[in-house]
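Heads up: the structure comes next, in structure tokens.
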Amino acid sequence: MSDKDNKSYRDTLCLPKTSFAMKANLTQREPQLRKEWAKNNIYAKTRQARQGAPLYTLHDGPPYANGDIHMGHVINKVLKDFVIKYKTMTGFDAPYIPGWDCHGLPIEAKVFTELGEKAKEIDKLEIRNLCKKYASKYVKLQSKQFQELGIFGDFENPYLTFTPRYEAGILEVFAELVGKGLVRKQLKPIHWSIGCETALAEAELEYKDISSPSIFVNFPIAKESIEKLVELGLIERQAASDKSRICFMVWTTTPWTLAANLAVAVHPNLEYKTISCEKNGDKFISILCAERLEAVIAAGELKEGQYTVSDKSVKGSALEGLRYLHPFVENNPTDKDAYMVVCAQYVTTEDGTGLVHTAPGHGAEDYITGQQYELATYSPVLSNGCYDDTVPDWLRGRNVLEVDTLVNDNLQKKGLLFAQAAITHSYPHCWRSKGPVIFRATEQWFVSVDKELPPAGKTLRELAMESTGKVRWIPAWGQKRIEGMLESRPDWCISRQRSWGLPIPVFVNSKGDALLTKESVLAVAKSVGEKGSNCWFTDSPRQLLGEDFELPAGFSFDDLQKEENIFDVWFESGCSWYSVAHKAGWPVPVDLYLEGSDQHRGWFQLSLLPALGAIGKAPFKNVLTHGFTVDEKGMKQSKSLGNYVNAQDEVAKYGADILRLWVASVNYQEDVRCNDELIGRIQDAYRKIRNTLRYLLGNIDDFDPNKNSVAYNDMFEIDKWALQQLQKLIAGVTDAYENFVFHRVFTLIHNFCTIEMSSIYMDVLKDRMYCDPADSLSRRSAQTVMYKIVDCLVRMFAPILVHTAEETWSVMKFKSADEDSIHFAEMPKVDDSINWQQEEPKWQKLMELRDKVLLALEPLRKDKIIGSNQESSVTIHCDADAAAVIKNFGLENFTALCIVSEIKLEESTTETKVTAEKSSYQKCQRCWNYWPTVGTNNEYPDLCERCVSVIR
RNA sequence: GGGCUCGUAGCUCAGUUGGUUAGAGCGCACGCCUGAUAAGCGUGAGGUCGGAAGUUCGACUCUUCCCGGGCCCA
């Protein structure tokens, strides 16, 4: 038999035929598909297709409009797209309105950097316009990059936080909070540039090493507190009455802040001792942390014998409440308590004395401690860096950066300066004036979280804590996390002293009274909604509020100034549930917020608070979070570490569907390991799915479901099995999608393609599909099933492999639904008439037997007795049970299932055993089976009976 | 330093309320096929479940501590 003859039989076979290419060529095919989608307005059409259907609202959290998108964006947006597409395919009207966070310092800072020297001459409005331009540029860029991932949405009409409509919404929410009395003004220390006389944000600080004074200062303890120390046993009674001065020893590197000292902080759990010594003729007993003794002795250059240390020690908590005298301020300048020991967790033993000089008006931690102990936020420093009149006269009007020597001399004279030196340390400087930055308390606007608000009479914090139980958090620990944050969060400082943002609409009169009422805010909201927030800078108060606005008592338009604070951008994005969702007509709470787990503190919390304040409800029903991308070792990714994965590069290299499949393959609830290799590996899985489709499509090329379908009951057993497996798959995939467990969708589909399809069903089917007559029941039975499988598979992975699904849909000759795009189609549902559970035990036994058969062939193959399975003849020595299973199934069917030429059954009492040998029959040159009928036909001596009948 | 969280084969994932020799797919190795062919099939080797201690008759599953990550704070 020559090759040529073989060829002639080849032509009598029904081999797979399809235009669906094996090679995906995603990077070229995908852009073409997207062009088609754009041309056909795919998103608008999806919405039309679901008009009137129940809404499913996923509200997009706005990414910051700066820079290229990265892998974090990819995960976030692709997950959202999975949800939107899945919900659409299950019959919901699932709109997606993408948004961008456009205001804020990073953009303003970039614009300043780009301007360079020119920045100083440019006015606020011009800066704002440049910022708007900058933000718009990146909105456009990111929008394009998102769409390149195959994401559908209203990218023509995204929400941008700088638009008048959005800004007005923020003010409308703010008005509610104002109306409920939640907004108040309070002093708070912030970074202050003396050179620029302006507040600075963290991002505007440059850290430089400078030399600062390092001084150890004794704060004399008040008489009544000395008595307590005696009671504690830390001070001996005799010592208390002799001429020693008993002090708390503190350490500082900013002597100028001593003028604003209001407290001394200790760590409640550290041990404190006394050191007694004589220095410069003064006798001291100083209290300090036991662990710092050695360092302090060294700093004071005390020699052995010049000092004694107490044996007794007390915990810091025992010192709480003890009082001292300020070293140079005679009377407490504030209207609140001062000059006592307080406890703070941040006190360390790394430097200093373990007693921390605390000036609530001049330090972040000091401020928090001050709040806890109800101290004043005392900051006797003017905007130009000079002391005000509340300090001792020898400091008044002096620049705080030039008084270190004065302070030291004063302390020296009083004998309170234990030691002084210089240290070099990193210290923040202003990025523009380059001078050192100070902490200075300024008036800021706050949203109170502990003030009761009408009508419930509960605080925002209480409402927030109650609301978390009503939200479904995915994963569930999100609830604990956000509750922890809500429990401990301070009042929300919503004001910033910048240009690029929405102004806080506060007016002040010359007496310094602020005009901020629900009505005034709503009046400004109207102006802003019409003209945009630039009007705050261009219009007069009268214009902003409107001619008919009724000013409250004490205010007149002739005496009204505008404040120039802007909102914290978090307040802006925290109002999106109103500015976007509510204004789009969606019911609030919306169905789903879906962001990275950092947003528990960020967007989730800061959307929850305004919503509770304004409407008394959380803005979301479900909150789903995902983890962060890390490198292959699980470490944080960064450009500087060199383990950064560039999202654009990956899309360009592999195509969007590969990235999307990768997102679907990982458990996003945890950190996601990610590098080029890991993404590249997903291509294998993609190819398996693609080839499975290709094979199925190739085998139904001549199948018209309307004409050739076979009823379930008339099908071959293995075809029924395949349909049963499909139902099982649909059930699993549906459940996984419903619960947002996309990696289970991936695993289920991938395993289905690999095991049920490729390695079992499609392999078993070859003989029937290729060799039986084209229009035979056996082929039509299998084709009915394969058609159904393609149809269901493509729908099930459509939300993930958006391009490949569309491509598949387009090559399907007979579509089961008359939709132009797979993305309008519906998800398959389980066919309840097919009871797959019932058949499972039977099939499990059959498959186990099949495995035993296949295993028995291996030795023959190894010994080169057979090559393919078809060359073998198998004998199964099986128990009655197994024999029954096989007989019931049909020996012929089982032989086909194993793809061998012959199986003989021999009942045996022992354990089931399979033996195999080379078939004694001849090989049919058409179907390659070794069957007894080969050679029985004279006309075709090289064919089996079946093949003879087919080619006749 | 604090809150939350994660750590099962090379990779991605399963492992119900603690209970037989810890599973799957991929990858890898070896072999087969050459009528899915830059495809397809089979077989096999890989984990003692981050580490230690404890509770228990019995723990990957519970407790404590430690190590190493991540997010958010300080």
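Side-chain atoms are counted along with the backbone in the values below, which use heavy atoms only and exclude waters and symmetry mates. The structure displayed is predicted, hence computed values, not measured ones.
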Look at all strands and tell whether A:I755 reaches a base, only sugar-phosphate, or nothing, counting heavy atoms closer than 4.0 Å.
sugar-phosphate

Does any part of the side chain of A:P189, heavy atoms only, come nearer than 4.5 Å to the side chain of A:H362, both counted from C-beta?
no

Without decimals, in angstroms, what is the distance between A:D684 CG and B:G10 C1'?
14 Å

Report each atom pair, protein N/O against N/O of nucleotides 7-9 of chain B, whose distance is under 3.5 angstrom.
none

Nucleotide forming a Watson-Crick or wobble pair with B:A52, both distances under 3.5 Å:
B:U64

To the nearest angstrom, the CG-C1' distance between A:D631 and B:G68 comes to 13 Å

Students often get this wrong, so: under 4.0 angstrom with heavy atoms, is A:R489 touching a base, only sugar-phosphate, or nothing?
nothing

Tell which nucleotide pairs with B:A9, taking only Watson-Crick or G-U wobble pairs whose two distances are both under 3.5 angstrom.
none

So what does A:E632 touch, heavy atoms closer than 4.0 Å: a base, only the sugar-phosphate, or nothing?
nothing

Any idea how A:F604 and A:H600 line up, ring-wise: parallel (<30°), tilted (30 to 60°), or perpendicular (>60°)?
perpendicular

With both distances under 3.5 angstrom, what nucleotide forms a Watson-Crick or G-U wobble pair with B:C71?
B:G3

So which nucleotide does B:U37 pair with, by the Watson-Crick or G-U wobble rule with both distances under 3.5 Å?
none

Look through every strand shown and name the nucleotide pairing with B:A45 as Watson-Crick or G-U wobble, where both distances are under 3.5 Å.
none

I'd like a table of atom pairs between the protein and nucleotides 40-42 of chain B - only N or O on both sides, under 3.5 Å - with the distance next to each one.
residue: B:G40; atom: OP1; partner: A:K688; partner atom: NZ; Å: 3.1
residue: B:G40; atom: O3'; partner: A:S758; partner atom: OG; Å: 3.1
residue: B:G40; atom: O2'; partner: A:K766; partner atom: NZ; Å: 3.4
residue: B:C41; atom: OP1; partner: A:S758; partner atom: O; Å: 3.2
residue: B:C41; atom: OP1; partner: A:S758; partner atom: OG; Å: 2.6
residue: B:C41; atom: OP1; partner: A:S759; partner atom: N; Å: 3.1
residue: B:C41; atom: OP2; partner: A:K688; partner atom: NZ; Å: 3.4
residue: B:G42; atom: OP1; partner: A:S759; partner atom: OG; Å: 3.2
residue: B:G42; atom: O2'; partner: A:E858; partner atom: OE2; Å: 2.6

Short heteroatom pairs, N/O only, protein and nucleotides 1-3 of chain B, under 3.5 Å:
residue: B:G3; atom: N2; partner: A:R481; partner atom: NE; Å: 3.4
residue: B:G3; atom: N2; partner: A:R481; partner atom: NH2; Å: 2.9

